[in-house]
Amino acid sequence: MSKTIKVGIIGAGRIGRVHSESITKYVKGAEIKAISDVRVTEELEIWAKAMGILNVYQDYQQILQDPEIDAVLVCSSTNTHAQISIEAAQAGKHVFCEKPVDANPEKIRQVLTAVEKAKVKFQVGFNRRFDHNFKAIRDRVVAGDIGEPHIIRVTSRDPEAPPVEYVKVSGGLFFDMTIHDFDMIRYLSGSEVDEVYAIGAVLVDPEIGKAGDIDTAVITLKLKNGAIGIIENSRRAVYGYDQRAEAFGSKGAVKTANDTESTAVYFSASGVVSEKPKYFFLERYMQSFASEVSCFIDAIINDKPTLVNGNDGLQPVLIALAAKKSLDEGRPVKLSEVA
């Protein structure tokens, strides 16, 4: 009989609940034994019970000290990711850590050292690698179908800007939003980034500017394989969640369109109308959340490398730091300057 991995979820906010629901409904070989959150409310306990999670703790140490729990998902606030990951590894738990691991590269390296010393699995939650559209592009690039990659373009536009209170603590656009796109450039190109040039503006919400951030950006990246990466971001696309990518090379190109609720297109004398993109990341990426955790569980059961490792957690943070430095100083910045 195959082993069932008992899991603890640390952090019962939005992403912690997304993972809890996807594991409960879609992930084979995993069972959630406990969830913790600094704020245990009656609502949380009712929700957990409905999910079949019998143990709800305020102190995550109760999860780490439980010998029956094999793995933890770190879904707490970003500033706690690194420390909890280190403690979990030291407790002998396999660790799935939501992105970013930390905004400080040195803290990420400390996590990687702890994980290596404990000989446990470690995976970072860059879920878009498991999305059907982006994976299809990657498969074409790896197969050599487009030849040598020349340009990798990623478009990522949110349907609504986040609350300013969130912007103040998130680390800003490059760390809470573009971080996914930095990872996607590496994933689709198969190359590391050498140099970054970023420009940005406040075009959506003046309050975001007052908080010291931008809401619109274009980033160009020189890749070590010679290709060029282009990322464009906006905090607000009025038509929905705009998530597209293209890889162009010496033999051809491959690109994806947005997911919609249906592929129906209406034709009439007044025009041709198709559906808008799905509106929110939970609608767009739910399948990818389940797939990434399934791969994490599979790596534990079958003692395989995780598909998004510690270096995959470190590199996008270095790129984000370089992008911020580029924006502040108005010049291209090599990753070696921030590494």
Side-chain angles (χ1 to χ4, degrees), residues 5-41 43-57 60 63 69 71-81 84-85 88 94-101 122-135 156 158-160 162-163 166 169-170 175-177 179-181 183-184 240-241 243 259 261 277-299 306-308 313:
I5 301 299
K6 292 193 175 181
V7 174
I9 309 285
I10 299 176
R14 182 168 64 184
I15 196 64
R17 296 193 187 203
V18 167
H19 283 306
S20 297
E21 293 186 18
S22 70
I23 291 172
T24 301
K25 295 177 180 177
Y26 307 117
V27 179
K28 296 179 180 180
E31 173 189 328
I32 304 173
K33 185 179 180 185
I35 190 167
S36 71
D37 197 86
V38 292
R39 292 177 292 276
V40 175
T41 63
E43 183 274 332
L44 173 58
E45 291 178 329
I46 293 171
W47 171 85
K49 185 177 181 181
M51 286 289 105
I53 305 172
L54 303 181
N55 301 292
V56 180
Y57 305 133
Y60 67 85
I63 289 177
I69 291 179
V72 298
L73 274 69
V74 181
C75 305
S76 50
S77 58
T78 299
N79 63 329
T80 67
H81 286 180
I84 293 176
S85 294
H94 301 289
V95 181
F96 178 101
C97 182
E98 266 303 328
K99 60 80 194 168
V101 179
F122 183 74
Q123 183 170 321
V124 181
F126 282 117
N127 64 294
R128 296 183 191 180
R129 289 183 175 223
F130 299 86
D131 173 68
H132 57 288
N133 284 344
F134 296 136
K135 186 177 182 301
S156 181
D158 283 352
E160 287 288 346
Y166 172 78
V169 299
S170 71
F175 280 95
D176 75 57
M177 181 178 174
I179 195 98
H180 277 292
D181 308 316
D183 177 66
M184 195 50 50
Y241 195 35
Q243 300 285 290
D259 277 7
E261 288 300 325
K278 291 184 177 180
Y279 188 77
F280 197 43
F281 83 95
L282 293 180
E283 302 169 48
R284 174 64 182 80
Y285 286 117
M286 196 63 195
Q287 164 268 326
S288 68
F289 288 115
S291 295
E292 66 175 345
V293 178
S294 291
C295 288
F296 174 59
I297 297 300
D298 180 57
T306 57
L307 294 181
V308 190

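Owing to the predicted nature of the structure, the values given are computational and were not obtained by experimental measurement.
- Shown here are the side-chain hydrogen bond (donor to acceptor under 3.5 Å, both in side chains) partners of Y57, two or more places apart in sequence or in another chain: there are none.
- Rounding to the nearest 0.5 angstrom, the gap separating the CD1 atom in I63 from the NZ atom in K6 is 14.0 Å.
- Looking only at side-chain heavy atoms (C-beta outward), S22 and M286 come within less than 4.5 Å of each other.
- Formation of a donor-acceptor pair under 3.5 Å by the T80 side chain with backbone atoms of S76 is not found in this model.
- Here the straight-line distance linking atom CD1 of I69 with atom CD1 of I5 works out to 12.0 Å at 0.5 Å rounding.
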Task: Residues D131, R284; criterion side chain to side chain contact (heavy atoms under 4.5 Å, CB included); working and verdict - done: CA-CA 9 Å; D131 173 68; R284 174 64 182 80; 2.6 Å; yes
Task: Test side chain to side chain contact (heavy atoms under 4.5 Å, CB included) applied to E160 and Y279, step by step - done: CA-CA 9 Å; E160 287 288 346; Y279 188 77; 3.0 Å; yes
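- Here the closest non-hydrogen pair linking C75 and H81 is C-NE2, 4.5 Å.
- Under the 4.5 Å side-chain criterion, counting only non-hydrogen atoms from C-beta, I9 is in contact with I23.
- Salt-bridge formation is not detected for the pair D183/R128: no Lys NZ or Arg NE/NH1/NH2 atom is positioned less than 4.0 Å from an Asp or Glu carboxylate oxygen.
- At a threshold of 4.0 Å, the pair E43-K49 does not count as salt-bridged, since none of the basic side-chain nitrogens sits closer than that to a carboxylate oxygen.
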Open item on the list: side chain to side chain contact (heavy atoms under 4.5 Å, CB included) for F175 and S170? Distances and angles first, verdict last.
Closed with: CA-CA 7 Å; F175 280 95; S170 71; over 6 Å; no
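- The distance from atom CD of E31 to atom CD1 of I53, rounded to the nearest 0.5 Å, is 10.5 Å.
- Of all non-hydrogen atoms in L44 and A12, the two that sit nearest each other are CD1-CB, 3.6 Å.
- Closest of all the heavy-atom pairs between D259 and N133 is OD1-ND2, 3.0 Å.
- With contacts defined as side-chain heavy-atom distances shorter than 4.5 Å, the pair Y26/S294 does not qualify.
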Open item on the list: Does R14 form a side chain to side chain contact (heavy atoms under 4.5 Å, CB included) with F281? I'd like the steps, not just the answer.
Closed with: CA-CA 12 Å; R14 182 168 64 184; F281 83 95; 3.7 Å; yes
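- Within a 6.0 Å radius of NZ in K33, other residues, nucleotides and ligands contribute more than 12 heavy atoms.
- The backbone N or O of V40 sits nowhere less than 3.5 Å from a side-chain atom of D37 that would complete a donor-acceptor pair.
- When ring centroids are compared, H19 and F289 come within the 6.0 Å threshold.
- You'll find the side chain of R17 stays beyond 4.5 Å of the side chain of M51, heavy atoms only.
- The side-chain heavy atoms of W47 and I35, taken from C-beta on, include a pair separated by under 4.5 Å.
- Considering CG of L73 and OG of S20, their distance stands at 8.0 Å, rounded to 0.5 Å.
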Task: Evaluation steps, side-chain hydrogen bond (donor to acceptor under 3.5 Å, both in side chains), between N127 and S288 - done: CA-CA 6 Å; N127 64 294; S288 68; 2.9 Å; yes
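- Partner of K99 under the side chain to side chain contact (heavy atoms under 4.5 Å, CB included) criterion, out of V308, I179, T78: I179 alone.
- The two residues L307 and Q123 make their nearest non-hydrogen contact at N-OE1, 4.2 Å.
- The shortest heavy-atom contact between M184 and R129 is CE-N, 3.9 Å.
- Atom OG1 of T306 and atom CD1 of I297 lie 12.0 Å apart (nearest 0.5 Å).
- The backbone N or O of D158 lies less than 3.5 Å from no partner atom in the side chain of Q243, so there is not a single donor-acceptor pair.
- Closest of all the heavy-atom pairs between V72 and A88 is CG2-CB, 3.6 Å.
- I10 contributes atom CD1, which lies 5.5 Å from atom CD1 of I84 (distance to the nearest 0.5 angstrom).
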TODO: Show the numbers, then the answer: is there a ring pair (Phe, Tyr, Trp, His ring centres under 6.0 Å) between F126 and H180?
DONE: CA-CA 7 Å; F126 282 117; H180 277 292; 5.7 Å; yes
- [ ] Take F296 and F96 through the test ring pair (Phe, Tyr, Trp, His ring centres under 6.0 Å) and record every step on the way to the result.
- [x] CA-CA 7 Å; F296 174 59; F96 178 101; 5.7 Å; yes
